[in-house]
Structure formats: structure tokens, C-alpha cells
K.L.:
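Quick one: this structure, given as C-alpha cells, is what I'll be asking you about.
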Amino acid sequence: MRRAIYPGSFDPFTNGHLDIALRSLRMFDKLTIAVLKNTTKKFLLSPDARAELIREVVKPYPQIEVETFGGLLADFCRDKNIYTIVRGLRAVSDFDYEHAIYLMNNRLWNHIDTVFLMSSSENSFISSSIVKEVASLGGNIEDQVPPEVFRHLQKLYQGKTP
Ligand code: PNS
């Protein structure tokens, strides 16, 4: 069985993330979406809330499981015996960061490889941080996130918009 891990912060999970996850199912039989837990980054949603939302979104796809992970991604891959990481690339500007992560993960566990999928044109402008900012200011992000995420953000910001 061909397995892969799709790691990320997913704060929140966007249509861009969903597109990468579903396209990767053409290459892999089983995908583990791994939601980052421990970090110095400040998140809007808790790891469990992010994971639960993604579970709702990917319910129609039994080939996808969703887990949270802390510590090193390379250790998580090793523990699960999975050798391939999937990451999305939106633009050249993503490349340096992704290249650095790829090299580091490979150094930490040299069995790991990373498959990069280019974002499709309709999703290449979507970013979780911009989605959060726009949603918090009352802008419409309905076309950029799955309906479950949209409803969650709507509830979160209800009455808080300027
Ligand atoms: O969605 P993001 O924030 O771009 O995802 C980044 C992620 C989760 C892939 C990366 O931060 C990560 O793997 N963090 C876990 C800690 C780790 O293994 N660090 C070394 C490689 S960067």
C-alpha cells in the first residue's frame, strides 16, 4: 500500500489544502493529514479543533485519516513507517522554505522523500493567514475554504467583526 503524510498547520484548512490532499490520492492509497500541534506559532484554532474540522471535510474520503502531531515531523513519519511527505507549492516564493524543510527532514531521517504538488490556478492565491485576516475583518472567504470551515469561522467571528 502506498502511503503518504500531508503535514501542515492548517489554521484553517483551505480549498488549496483540500485540492492538494485529493490530488495526492491519485498517487497514494492512503493519506495521513498531520496537523501541527506544538510550535511557537500562535494559532487561531486549537490542534484538536483544526483536526476535527478537517475530519468533517474529508469524511467522504475513507482513504484519508487525520491526526495531530508534536515534535519532529521526521519522527512522526518514522513512527508511522511512512516514507513520503506531500507538500503543496503555490508560487516560487514558497520554494526556499519548502526546500529548507525538505533538506532538514531528509537529514533527520534519510528514508524520507517529499512530493511537491503545484497548486491549481484557482487555489494558488489562497493562504490560511490571509483567509484569517479577511474573515476577522468581515470579508467574504466563502470561495476559499470548505463549507465546514466557513461556518466555523463565521461562528467564531460573529459579532466580532468591525
Ligand atoms: O502549514 P505549515 O505551517 O507551512 O507547515 C509547516 C510544517 C508543519 C510542515 C513544519 O513546520 C513542520 O514539519 N514542523 C514540525 C517540526 C519539525 O519537524 N521541524 C523540522 C522541519 S521544518
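Every number for a ligand or one of its atoms is a count from 1 in the order of the listing. Values below: all heavy atoms of this structure, side chains included; hydrogens, waters and symmetry mates excluded. Keep in mind that what you see is a predicted model, and the values were worked out from it rather than measured.
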K.L.:
Does atom 12 (C) of ligand 1 have a protein heavy-atom neighbour under 4.0 Å away?
P.N.:
no
K.L.:
For ligand 1, is there an atom lying under 4.0 Å from some heavy atom of Phe76?
P.N.:
no
K.L.:
Return the orientation label for the Trp109 and His111 ring planes: parallel under 30°, perpendicular over 60°, tilted otherwise.
P.N.:
perpendicular
K.L.:
Answer yes if the side chains of Thr32 and Lys80 hold a donor-acceptor pair under 3.5 Å, and no otherwise.
P.N.:
no
K.L.:
Glu56 vs Lys59, test: salt bridge (charged side-chain N to carboxylate O under 4.0 Å, His left out). Steps then yes/no.
P.N.:
CA-CA 5 Å; Glu56 281 177 41; Lys59 216 186 227 159; over 6 Å; no
K.L.:
Once the angle between the rings of Tyr102 and His99 is folded into 0 to 90°, is it parallel (under 30°), tilted (30 to 60°) or perpendicular (over 60°)?
P.N.:
parallel
K.L.:
Whether Arg50 engages the ring of Phe43 as a cation-pi pair (distance to the six-membered ring centre under 6.0 angstrom, angle to the ring normal within 45°) should be assessed.
P.N.:
yes
K.L.:
Please state which option from Gly88, Ser9, Ser127, Cys77 has its nearest heavy atom closest to atom 1 (O) of ligand 1.
P.N.:
Ser9
K.L.:
I'd like to check which ligand 1 atoms, numbered from 1 as shown, lie under 4.0 Å from a non-hydrogen atom of Asn105.
P.N.:
21 (C)
K.L.:
Considering only the protein, which heavy-atom contact is closest to atom 14 (N) of ligand 1, and what is its distance?
P.N.:
Leu36 CD1, 3.7 Å
K.L.:
Enumerate the atoms of ligand 1 whose separation from the nearest heavy atom of Gly71 is less than 4.0 angstrom.
P.N.:
15 (C), 16 (C)
K.L.:
Should one rank Met104, Arg87, Glu98 by closest heavy-atom distance to atom 9 (C) of ligand 1, which comes out on top?
P.N.:
Arg87
K.L.:
Tell me: protein heavy atom nearest atom 6 (C) of ligand 1, and distance?
P.N.:
Tyr97 OH, 3.5 Å
K.L.:
Under a single-linkage definition using a 4.5 Å side-chain heavy-atom cutoff for Ile, Leu, Val, Met, Phe, Trp and Tyr, are Phe10 and Leu25 assigned to the same hydrophobic cluster?
P.N.:
yes
K.L.:
Closest non-hydrogen protein atom to atom 19 (N) of ligand 1, residue and atom name please, with distance?
P.N.:
Leu72 CD2, 4.0 Å
K.L.:
Just which atoms of ligand 1 are under 4.0 Å from any heavy atom in Leu73?
P.N.:
13 (O), 17 (C), 18 (O)
K.L.:
Testing the basics here: between Asp19 and Ser120, what is the closest heavy-atom pair and its distance to 0.1 Å?
P.N.:
OD2-OG, 2.7 Å
